[in-house]
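Notes follow the structure.
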Amino acid sequence: MSLTVESKLPEVGTTIFTVMSAMAAEHGAINLSQGFPDYNPPEALVDAMCEALRDGKHQYAPMIGLPALREQLAITVQSRYQRKVNPDSEITVCPGATEALYCAITALVHPGDEVIVFDPAYDSYAPAIELAKGKALHLPLTMDNFAIDRDRVRDAINSRTRMIIINTPHNPTGSTLAYDDLDFLAEVTRDTNIVILSDEVYEYLVFDGAQHNSVLAKDELFQRSVAVFSFGKTFHATGWKTGYCVAPQNLMAEIRKVHQYVTFVANTAVQFALAKFYAEDTEHLSGLADFYQGKRDLFCAGLKETKFSFTPSRGTYFQLVDYSALSDLVDIEFCNAITRSGVAAIPLSPFYKEPPDHRLARFCFAKNDGTLKQALGILADFTRIE
């Protein structure tokens, strides 16, 4: 007799990122689906990592993160967002932003609580809410520019609302929140018990001279917010799986209670390397927006020679495209088809609870220029995808 297993996540399958990357490998396609660079982290950071490994940094770091790294992060937060935070009680280093998001949801969402999620939404949010026995309330972003529909938010908030999850710059659309969006969130959560969970892993990847608008920069929001960041995105090292979160002490204390029993601690050598790099580097962070804008511009210039239509991404390293002139296929079938033809993309429908009728796909431009040009050459040859 076989064992009966009752799934806690019966509607969850394998993440679309894994599926499309596997398909890209199977067909030898250029992988512009999953979001990872095909170039190395800064050489000085790699050297610092090697030094840490040679110097014997192989054992557990403190559960909340290496003190030297937390101190550097506090300096960065104050410089970037004019927010003074206590490195001992308001910053926690985590093995990846996804773990920080999971710990925040698990710690702060109780059975029956409602969590507002904006679709298209990164796919880890809803399963974490479900595991916490909360209810994800999916509100679609506006179709014209993927902005928050404020009327829908006002109508959705009630006595059961415990959390609102925001993501800026936004994966998968590349949109960004404006400062008055933060004003709006402060207004609708004022005198409530609602927490803002702010996924800001692409904080440095904001283009065309715009600034990243963080919950950390707004006094009223900071008191009820958890902000999550990723070293992997910032330093071209997604496989290092290290990030951090910032929150006021009362919220952070609860998050740490979960974190200590999920992974306990982030990678020690990575933390030593990051602490050294933050203390010594003066160029990498300040040049990131220009670096990625250059890649966006190269990719968009090439897209103009194809049948895709698009609005240039305002942030992240993703570019959304409309393929209506190429195909009538639904997005999953379209992405499967072009992957078999040489370039892998991500469909948008898996990011929705109830996908709208659109013809959109997401490409990642965090690739070497040669890789992007090769992919663009293949995309330019597409005339009709059936």
Side-chain angles (χ1 to χ4, degrees), residues 32-39 41-42 76 79-81 97 118 120-122 141-148 166-182 198-218 227-238 243 281-306 308-322 345-346 348 351 360-373 375-376 379:
L32 302 190
S33 58
Q34 191 171 6
F36 60 85
D38 65 351
Y39 38 83
T76 299
S79 172
R80 187 163 170 78
Y81 303 120
F118 297 105
Y122 185 64
L141 296 171
T142 60
M143 281 302 297
D144 55 345
N145 59 356
F146 296 101
I148 291 175
I166 60 174
N167 175 204
T168 185
H170 185 260
N171 177 15
T173 70
S175 64
T176 56
L177 293 186
Y179 193 77
D180 63 1
D181 289 313
L182 301 186
S198 188
D199 181 349
E200 304 181 23
V201 298
Y202 298 99
E203 60 171 325
Y204 288 98
L205 280 58
V206 180
F207 309 136
D208 302 313
Q211 298 297 312
H212 171 56
N213 292 303
S214 173
V215 294
L216 299 181
K218 190 167 184 61
V228 176
F229 303 95
S230 168
F231 299 116
K233 306 298 189 295
T234 301
F235 295 108
H236 321 319
T238 60
D281 177 73
T282 59
E283 298 180 357
H284 178 79
L285 296 179
S286 62
L288 267 179
D290 287 344
F291 174 77
Y292 275 109
Q293 183 171 330
K295 292 191 174 296
R296 182 205 65 174
D297 292 348
L298 183 155
F299 191 61
C300 287
L303 285 176
K304 291 179 180 178
E305 306 302 317
T306 74
F308 294 102
S309 59
F310 62 92
T311 298
S313 172
R314 297 201 300 270
T316 73
Y317 45 51
F318 302 117
Q319 178 60 52
L320 213 60
V321 297
D322 186 313
I346 289 285
L348 233 64
F351 296 86
L360 297 176
R362 190 201 78 178
F363 290 115
C364 172
F365 55 78
K367 307 296 176 183
N368 281 303
D369 290 358
T371 304
L372 294 176
K373 291 175 182 177
L376 287 164
L379 297 176

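For this chain, numbers begin at 1 and follow the sequence in order.
In terms of the salt bridge (Lys or Arg N to Asp or Glu O under 4.0 Å) criterion, E200 has no residue partners (sequence neighbours excluded). Remark: A237 pairs with P41, W240 by the side chain to side chain contact (heavy atoms under 4.5 Å, CB included) rule, at least two apart or across chains. Residues satisfying the side-chain hydrogen bond (donor to acceptor under 3.5 Å, both in side chains) test with D290, not counting sequence neighbours, are none. Contacts of S230 classified as side chain to side chain contact (heavy atoms under 4.5 Å, CB included), with partners at least two apart in sequence or in another chain: A97, V201, K233. In this view, F235 and F277, Y278, H284 satisfy the ring pair (Phe, Tyr, Trp, His ring centres under 6.0 Å) rule, not counting sequence neighbours. Take N368 and apply the side-chain hydrogen bond (donor to acceptor under 3.5 Å, both in side chains) test, not counting sequence neighbours, and it matches D38. Taking S313 as the reference, nothing meets the side-chain hydrogen bond (donor to acceptor under 3.5 Å, both in side chains) condition, with sequence neighbours excluded. Scored by the side-chain hydrogen bond (donor to acceptor under 3.5 Å, both in side chains) test, N167 finds no partners at all (sequence neighbours excluded). Residues meeting the side chain to side chain contact (heavy atoms under 4.5 Å, CB included) test with T176, sequence neighbours left out: T168, P169, R314. With sequence neighbours left out, the side chain to side chain contact (heavy atoms under 4.5 Å, CB included) criterion links F291 to Y39, H236, K295. Not a single salt bridge (Lys or Arg N to Asp or Glu O under 4.0 Å) links D297 to another residue, sequence neighbours left out.
Ring geometry for Y202 versus Y317: interplanar angle over 60°, hence perpendicular rather than tilted (30 to 60°).
Residue pairs meeting the salt bridge (charged side-chain N to carboxylate O under 4.0 Å, His left out) criterion with at least one member in residues 207-216, sequence neighbours excluded: D208-R296.
Of all non-hydrogen atoms in L376 and L303, the two that sit nearest each other are CD2-N, 3.7 Å. Residue E283 comes nearest to D281 through the heavy atom pair N-OD2, 3.3 Å, listed as atom of the first residue, atom of the second, then distance. Scanning all heavy atoms of the two residues, the minimum distance from C364 to G35 falls at SG-CA, 3.9 Å. Minimum heavy-atom separation, T316 to F207: O-CZ, 3.0 Å.
Judged purely by atom type and a 3.5 angstrom limit, T234 has no side-chain atom pairing as donor or acceptor with the backbone of F231. Without hydrogens or angle criteria, K373 side chain to F299 main chain gives no donor-acceptor distance under 3.5 Å.
Annotation: the span from T173 atom OG1 to L348 atom CG amounts to 8.0 Å, rounded to 0.5 Å. Note that the OG atom of S175 and the CG atom of D144 stand 10.5 Å from one another [nearest 0.5 Å]. Put simply, CZ on F118 and CG on L177 are 8.5 Å apart, with the number rounded to the nearest 0.5 Å. Summarising the geometry, atom CD belonging to Q319 is positioned 11.5 Å from atom CG belonging to L32; distances are rounded to the nearest 0.5 Å. Of the inter-residue distances, the one linking F308 atom CZ with D322 atom CG reads 9.5 Å to the nearest 0.5 angstrom. Here F318 contributes atom CZ and F363 contributes atom CZ; the two are 13.0 Å apart, rounded to the nearest 0.5 Å.
At a threshold of 4.5 Å between non-hydrogen side-chain atoms, the residues D181 and N213 do not count as touching. Looking at D199 and I166, their side chains never come closer than 4.5 Å, going by heavy atoms from C-beta outward. Residues Y179 and K218 are in side-chain contact: their nearest non-hydrogen atoms beyond the backbone lie under 4.5 Å apart. Within the 4.5 Å cutoff, side-chain heavy atoms of F351 are placed close to those of I346. Side-chain atoms of R362 and N171, non-hydrogen and from C-beta on, do get closer than 4.5 Å to each other. The shortest distance between side-chain heavy atoms of T238 and Q34 does not fall below 4.5 Å.
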- Message: Using the rule given for side-chain contact (heavy atoms from CB on, under 4.5 Å), can you reason through L141 versus H170, listing the C-alpha separation, both sets of side-chain angles and the distance that settles it, and then say yes or no?
- Response: CA-CA 11 Å; L141 296 171; H170 185 260; 3.8 Å; yes
